[in-house]
Protein chains: 2
Amino acid sequence: MTSSQPANRKSPISSVDRIYQQLKQMAMNYQFRPGEPLNEVELAASFGVSRTPLREVLNRLVAEGLLDFVPRRGFSCRSLDAKMIFDLYEVRCGLEIMSVKLATDRASDLELKHLHQFWQASAQTFMQRSPIECACCDEQFHEQIAALSQNIELLRSLQAINARVHYLRLISMEQAHYRRTTCDEHQLILAALLDRDQELAVTCMSAHVSLRQEQLVEVIKEGIARLYM
Amino acid sequence: MTSSQPANRKSPISSVDRIYQQLKQMAMNYQFRPGEPLNEVELAASFGVSRTPLREVLNRLVAEGLLDFVPRRGFSCRSLDAKMIFDLYEVRCGLEIMSVKLATDRASDLELKHLHQFWQASAQTFMQRSPIECACCDEQFHEQIAALSQNIELLRSLQAINARVHYLRLISMEQAHYRRTTCDEHQLILAALLDRDQELAVTCMSAHVSLRQEQLVEVIKEGIARLYM
DNA sequence: CTTTAGCTTCTTGTATACAAAGCTGCATAC
DNA sequence: GTATGCAGCTTTGTATACAAGAAGCTAAAG
């Protein structure tokens with residue numbers, strides 16, 4: 001996902017880095033209920049650290065939109081608000097279109113070949129995998145295309161949004177139907193990219209993301225239900 | 001700019017909020033040299049606080065891309081890298097196009113009228129104002145259009161980018177030539193919006209941002225020179 | 001029975017202290 | 001003359017302590 005630095009030397013992985021990864025996963029997967037206040041003392045104890053490094057992590061996650069914060073009232077799990085999700089998908093759609101557009105211009109043949117190989121390997125076992133694995137594969141596919149745009153900021157923006165909608169991707173991947181269409185649509189996008197047919201690639205990507213947007217109401221409903229059962 | 005909460009009640013403005021605003025301004029305007037390490041003790045003292053709240057602010061600014069951070073080596077001013085700026089402008093261009101597209105669909109007549117009034121008032125005195133004021137006016141114009149998209153996440157993304165390219169906007173506004181063309185181009189965008197001519201609005205906005213992108217090499221050169229004199 | 005005032009407790013905001021890692025510079029060895 | 005290693009200083013990472021604000025609870029009054 002977002003992780004970057006390859007543990008420069010040794011592999012110290014400072015404690016704040018470790019709890020950042022863990023808390024981020026928890027926030028992405030709504031392991032806290034929407035709006036649930038996070039008790040700093042409790043959380044710190046559960047990670048075996050003091051409040052100081054924990055708060056630094058919490059601040060980072062707030063800045064990334066994965067947690068909420070109100071002064072003097074503390075940190076809490078972000079809400080799962082339909083309007084916000086729609087907004088995120090709308091922005092995502094725009095970023096994805098930029099990605100394919102730039103990728104057709106800038107990706108090398110070798111890069112496209114690697115993407116192709118990656119997706120062939122993924123698709124082969126896609127229907128047998130766990131929803132979590134499918135969601136991650138899906139994210140990787142899209143983020144690899146963004147990477148081919150050679151625009152790091154575009155990639156980072158997309159990654160930030162993907163982290164925030166991860167939970168819903170997960171929910172949708174639990175239905176075989178969504179998995180199948182995802183698979184098919186990725187193939188179309190890939191084919192257009194390999195042909196370097198920019199217009200077609202944009203059309204396919206646009207259709208792909210828009211379709212997900214239409215299914216969003218159902219997925220959000222399911223996602224909220226899941227949290228309260 | 002980004003600021004949000006209207007000081008819920010009273011006006012306590014916690015110290016971390018205060019130093020956040022200040023440090024953000026300093027980072028936006030490159031009041032530290034690119035790559036310059038920030039001494040926590042020194043900085044904390046200069047703000048009259050301890051390292052704890054300062055570090056929370058620094059972490060936030062790192063997450064927003066306004067500062068750099070390397071574990072065990074501390075915080076430093078972000079670099080002023082041409083490639084990064086180009087990437088940001090490319091993403092910005094995409095977001096701005098989304099903004100006008102959505103704004104023509106969703107803005108009410110009243111909202112468009114307000115935008116019109118705002119820009120008329122600004123344009124009148126544009127050539128007499130300070131570069132700082134012009135840069136802020138420019139940002140506001142674009143952010144108001146993004147707000148008309150009714151998409152909060154789109155607005156936030158654009159604001160985040162604007163904060164990161166603020167310094168270069170400032171530099172460019174010091175030249176009367178850039179100010180004039182900005183003014184003219186905004187008028188064109190505005191006219192298209194008022195006509196609700198989506199295609200034209202997109203064309204104008206696209207031309208506007210692309211033109212800035214072309215001038216970017218010069219502006220970056222000037223910006224870097226300014227920092228080392 | 002409901003409401004509110006005041007007290008208690010819990011939680012967050014911030015300062016400070018200390019440990020550990022990094023950097024600098026000098027001295028010694030080759 | 002260059003390189004290497006060690007000592008001391010600087011700076012960051014994290015724990016802890018304490019102050020101040022919010023929340024909850026009890027008790028008394030209407």
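In this text the structure is predicted, and so the values were computed from the model without any measurement. Per chain, numbering begins at 1; letters A, B, ... match sequence-line order.
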Exercise. Do Asn151(B) and Phe86(A) come close enough that some side-chain heavy atom pair is under 4.5 Å?
Worked result: no
Exercise. Between Gly74(A) and Thr52(A), which is nearer to the 5' end of DNA chain C once each is assigned its nearest nucleotide?
Worked result: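 Comparing both residues, the 5'-ward one is Gly74(A).
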Exercise. What distance do Asn162(B) atom CG and Glu96(B) atom CD have between them, rounded to the nearest 0.5 Å?
Worked result: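 Reported to 0.5 Å precision, the distance equals 7.0 Å.
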What integer distance in Å separates [X]:[atom1] from [N]:[atom2]?
X	N	atom1	atom2	value
Leu43(A)	dA15(D)	CG	P	14 Å
Glu40(B)	dT14(C)	CD	P	16 Å
Leu58(B)	dT12(D)	CG	P	10 Å
Leu67(A)	dT12(C)	CG	P	13 Å
Asp68(B)	dT12(D)	CG	P	15 Å
Asn59(A)	dT14(C)	CG	C1'	13 Å
Tyr20(A)	dG13(D)	OH	C1'	19 Å
Phe47(A)	dA15(D)	CZ	P	13 Å

Exercise. Could Arg51(B) and Glu56(B) be called an ion pair, given the rule that one side-chain N must be under 4.0 Å from one carboxylate O?
Worked result: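 No, Arg51(B) and Glu56(B) are not salt-bridged.
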For this session: Check every strand shown and say whether Leu38(A) touches a base, only sugar-phosphate, or nothing at a heavy-atom separation below 4.0 Å.
Result: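 The residue Leu38(A) makes sugar-phosphate contact but no base contact.
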Exercise. Across the strands shown, which category fits Phe69(B) at heavy-atom distances under 4.0 angstrom: base, sugar-phosphate, nothing?
Worked result: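 Here Phe69(B) touches the backbone only, sparing every base.
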Problem set entry | Exceeds 12 heavy-atom contacts within 6.0 angstrom, atom CG of Leu211(B) | yes
For this session: May I ask you to check whether over 12 heavy atoms, not counting those of Lys83(B), lie within 6.0 Å of atom NZ?
Result: yes
Exercise. Think Arg73(A) has a side-chain N or O under 4.0 angstrom from the OP1 or OP2 of dG21(D)?
Worked result: no
Exercise. Taking OP1 and OP2 of dA15(C), is either one under 4.0 Å from a side-chain nitrogen or oxygen of Ser50(B)?
Worked result: yes
Looking at the side chain of [X], which of [options] is the nearest nucleotide?
X	options	result
Pro53(B)	dT14(C), dA22(D), dC23(C)	dT14(C)
Arg55(B)	dT14(C), dT12(D), dA22(D)	dT12(D)
Asn39(B)	dT16(C), dT12(C), dT11(D)	dT11(D)
Val49(B)	dA22(D), dA15(C), dA15(D)	dA15(C)

Exercise. Does any donor-acceptor pair link the side chain of Arg51(A) with the base of dG13(C) at a separation under 3.5 Å?
Worked result: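 Side chain to base: pair found, below 3.5 Å.
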